[in-house]
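Please read the structure below before turning to the comments.
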Amino acid sequence: MPYVETSIFIDDKPENVYAAACDMERYPQFMKDVESVKVIERKDNTTVSEWVSDIEGTPIYWTERDVFDKDNLTISYKLIEGDLDKFEGTWKFEKHSSGSTVTLGVDFDFGIPHLEELIGPTLLAKVRDNSDMMLAGLKALCENQ
């Protein structure tokens with residue numbers, strides 16, 4: 001199963017960047033591929049959220065469980081149902097010099113082995129590009145407040 005991990009430096013405190021990332025319903029405002037995020041359940045440090053993303057004109061739908069760990073500044077997510085067979089990972093927010101290093105890990109499986117054999121490198125690049133776009137959007141939000 002493919003795994004993508006990308007990181008970015010953000011000139012803001014990790015606690016501030018983490019707080020911005022926890023507000024997932026705002027993602028469509030600063031992440032161009034994310035069309036909508038709707039939190040449908042909140043309980044303690046966990047949410048269930050419905051996502052719609054557009055990948056080169058193709059809408060992708062899924063529902064995920066998100067676990068927020070404020071003490072360790074991490075957000076973990078895991079697919080409950082949707083267009084993919086597997087979609088899970090973790091956001092990590094770490095202090096780095098004068099700001100933060102944010103790392104986004106994505107473990108995914110489209111569930112179509114023949115498709116992955118044919119266009120696997122393209123899918124991997126697209127997930128990496130999408131992850132980079134999400135991190136860049138978070139950076140712009142946090143640094144331009």
Side-chain angles (χ1 to χ4, degrees), residues 1-113 115-116 120 122-145:
M1 307 214 198
Y3 178 79
V4 170
E5 185 173 281
T6 56
S7 297
I8 198 167
F9 175 79
I10 298 178
D11 190 16
D12 198 354
K13 294 189 292 186
E15 297 80 10
N16 294 343
V17 180
Y18 171 82
C22 286
D23 190 3
M24 296 179 302
E25 289 176 307
R26 288 184 62 200
Y27 285 12
Q29 296 173 20
F30 59 93
M31 296 178 180
K32 74 175 185 121
D33 288 352
V34 178
E35 290 188 0
S36 67
V37 179
K38 181 180 178 185
V39 174
I40 58 173
E41 179 183 311
R42 289 183 199 276
K43 186 175 184 182
D44 301 323
N45 66 330
T46 303
T47 63
V48 174
S49 53
E50 294 177 334
W51 292 68
V52 179
S53 186
D54 184 290
I55 307 298
E56 294 189 10
T58 301
I60 307 289
Y61 303 91
W62 73 94
T63 302
E64 68 183 42
R65 181 171 319 284
D66 311 291
V67 179
F68 303 91
D69 184 343
K70 188 175 182 178
D71 293 336
N72 293 304
L73 297 178
T74 62
I75 304 169
S76 299
Y77 59 93
K78 187 171 184 175
L79 177 79
I80 296 172
E81 63 181 358
D83 291 338
L84 307 170
D85 273 7
K86 180 178 185 180
F87 184 71
E88 60 190 54
T90 305
W91 294 75
K92 297 177 187 173
F93 306 83
E94 300 172 294
K95 183 160 182 51
H96 180 78
S97 63
S98 63
S100 307
T101 299
V102 180
T103 303
L104 174 58
V106 182
D107 190 3
F108 66 97
D109 183 355
F110 285 92
I112 307 171
L115 179 64
E116 288 187 25
T122 302
L123 292 173
L124 196 62
K126 192 61 192 160
V127 170
R128 183 176 306 284
D129 289 348
N130 193 56
S131 296
D132 287 341
M133 178 273 310
M134 292 180 80
L135 291 173
L138 186 61
K139 177 180 177 76
L141 175 73
C142 291
E143 291 183 353
N144 295 321
Q145 290 189 25

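Just the heavy atoms: all of them, side chains too, but no hydrogens, waters or symmetry mates, feed the values below.
The aromatic rings of Tyr27 and Phe30 stand perpendicular to each other, their planes meeting at an angle above 60°, with 30° marking the opposite boundary.
A pairwise comparison of heavy atoms in Glu64 and Met24 identifies OE2-SD, 4.4 Å as the closest pair.
Scanning for side chain to side chain donor-acceptor pair (under 3.5 Å) contacts around Arg65 gives an empty result, with sequence neighbours left out. For Ser49, the side chain to side chain donor-acceptor pair (under 3.5 Å) test picks out Trp51, Asp66, with sequence neighbours left out.
Put simply, the side chain of Ile60 does not reach to within 4.5 Å of the side chain of Phe87, judged on heavy atoms. Using a 4.5 Å cut-off on side-chain heavy atoms (C-beta onward), Leu104 and Val106 make contact. By the 4.5 Å heavy-atom criterion applied to side chains, Phe68 and Thr47 are counted as neighbours.
Sorted by first then second residue, the salt bridge (Lys or Arg N to Asp or Glu O under 4.0 Å) pairs that include residues 31-40, not counting sequence neighbours, number zero. Counting only residues at least two apart or on different chains, the salt bridge (Lys or Arg N to Asp or Glu O under 4.0 Å) pairs with a member in residues 129-141 are Lys139-Glu143. Residue pairs meeting the side chain to side chain donor-acceptor pair (under 3.5 Å) criterion with at least one partner in residues 92-105, sequence neighbours excluded, are Ser7-Thr103. Applying the side chain to side chain donor-acceptor pair (under 3.5 Å) test to every pair with at least one member in residues 71-80, sequence neighbours left out, gives these pairs: Asp69-Asn72.
Under a 3.5 Å cut-off, the side chain of Tyr18 and the backbone N or O of Lys70 do form a donor-acceptor pair. When atom types are taken as modelled, the side chain of Glu25 and the backbone of Val39 share a donor-acceptor pair closer than 3.5 angstrom.
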